[in-house]
Amino acid sequence: MVDGDTLDVSGQRVRLHGIDAPETEQTCEDAQGRVWPCGAFVREEVARRYQGQRATCREVEQDRYGRSVAKCFVDGRDIGEALVSDGWARAYREYSMDYDLAEKTAQVLGLGLWASSMQEPSAYRADQRVPTPDTAAPDANCIIKGNISGSGRIYHMPHNRDYANTRINEASGERWFCSEAEARAAGWRAARN
């Protein structure tokens with residue numbers, strides 16, 4: 001398994017048509033506000049379900065990276081539909097409306113990722129492509145990173161797990177803080193990791 005919506009089938013990379021799963025590095029926030037690695041979880045869930053299974057794929061098109069974009073089936077069941085129905089992927093309406101109803105049902109029932117808050121995978125990928133400005137704090141005494149993500153306004157302390165990977169883009173409203181009190185007063189919350 002490559003990730004939640006891209007498989008290796010008989011040595012060929014195949015992007016599942018009409019679905020969009022979280023990226024492997026992507027995180028979500030559960031109802032209690034805990035951040036969890038939902039992208040890695042979905043990748044493992046897809047592997048658990050389908051790795052070693054015999055898949056039949058019908059190519060719909062090739063994407064701009066030369067990958068086959070296909071509908072794939074295991075035991076006659078559409079993999080994309082199963083993942084969207086169980087809430088582990090979103091319907092990718094930009095390319096297909098095939099799974100629109102399945103997604104709406106999963107959302108109403110709060111299945112899979114719908115029990116958490118998650119940035120749309122396409123928005124997450126776009127954020128990753130944004131050039132990151134200088135990551136050094138402008139003031140050596142102000143090293144708390146105020147980051148904006150799908151989970152809201154979160155500040156990261158140097159001891160937090162994601163501190164080193166967090167980039168501050170002041171043009172998008174992100175900022176540096178000199179104290180936790182300053183960050184909280186500005187409406188930001190502490191990272192939970």
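Any value given below was found using the heavy atoms of this structure, including those in side chains, with hydrogens, waters and symmetry copies removed.
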Fill in: Derivation and outcome, side chain to side chain contact (heavy atoms under 4.5 Å, CB included), residues Cys178 and Ile144
CA-CA 6 Å; Cys178 300; Ile144 299 172; over 6 Å; no
Worksheet item: With a 4.5 Å heavy-atom cut-off, do Trp188 and Glu182 have their side chains touching?
Response: no
Worksheet item: Would you call Arg90 and Glu120 a salt bridge, using N to O less than 4.0 angstrom?
Response: yes
Item to complete: Using a 4.5 Å cut-off on heavy atoms from C-beta on, say whether the side chain of Val46 contacts that of Gln51.
Response: no
Worksheet item: Can Arg184 and Tyr155 be counted as having a side-chain donor-acceptor contact under 3.5 angstrom?
Response: yes
Practice prompt. Would you indicate whether the side-chain heavy atoms of Asp3 and Glu23 approach each other to under 4.5 Å?
Written response: yes
Worksheet entry | Sequence-distant partners of Pro138, side chain to side chain contact (heavy atoms under 4.5 Å, CB included), two or more places apart | Trp176
Worksheet item: Any donor and acceptor pair, going by atom type alone, linking the side chain of Asn160 with main-chain N or O of Tyr163 inside 3.5 Å?
Response: no
Fill in: Ionic contact status for Glu81 with Lys71, cut-off 4.0 Å
no
Practice prompt. Report the residues that fulfil ring pair (Phe, Tyr, Trp, His ring centres under 6.0 Å) with Tyr124, sequence neighbours left out, ordered by chain and then residue number.
Written response: none
Worksheet item: Which distance, rounded to the nearest 0.5 Å, do you find between the CZ of Arg43 and the CD of Glu25?
Response: 10.5 Å
Worksheet, complete the sentence: With sequence neighbours left out, the residues meeting ring pair (Phe, Tyr, Trp, His ring centres under 6.0 Å) with Tyr95 are Tyr92
Worksheet item: Is it true that the side chains of Glu174 and Asn169 contain a donor and an acceptor less than 3.5 Å apart?
Response: no
Discussion item. Test your reading of the model: is there a side-chain donor-acceptor pair from Glu59 to the backbone of Val14, 3.5 Å cut-off?
Written reply: no
Fill in: Aromatic ring pairing Trp88/Phe41, orientation class (parallel under 30°, perpendicular over 60°, tilted between)
tilted
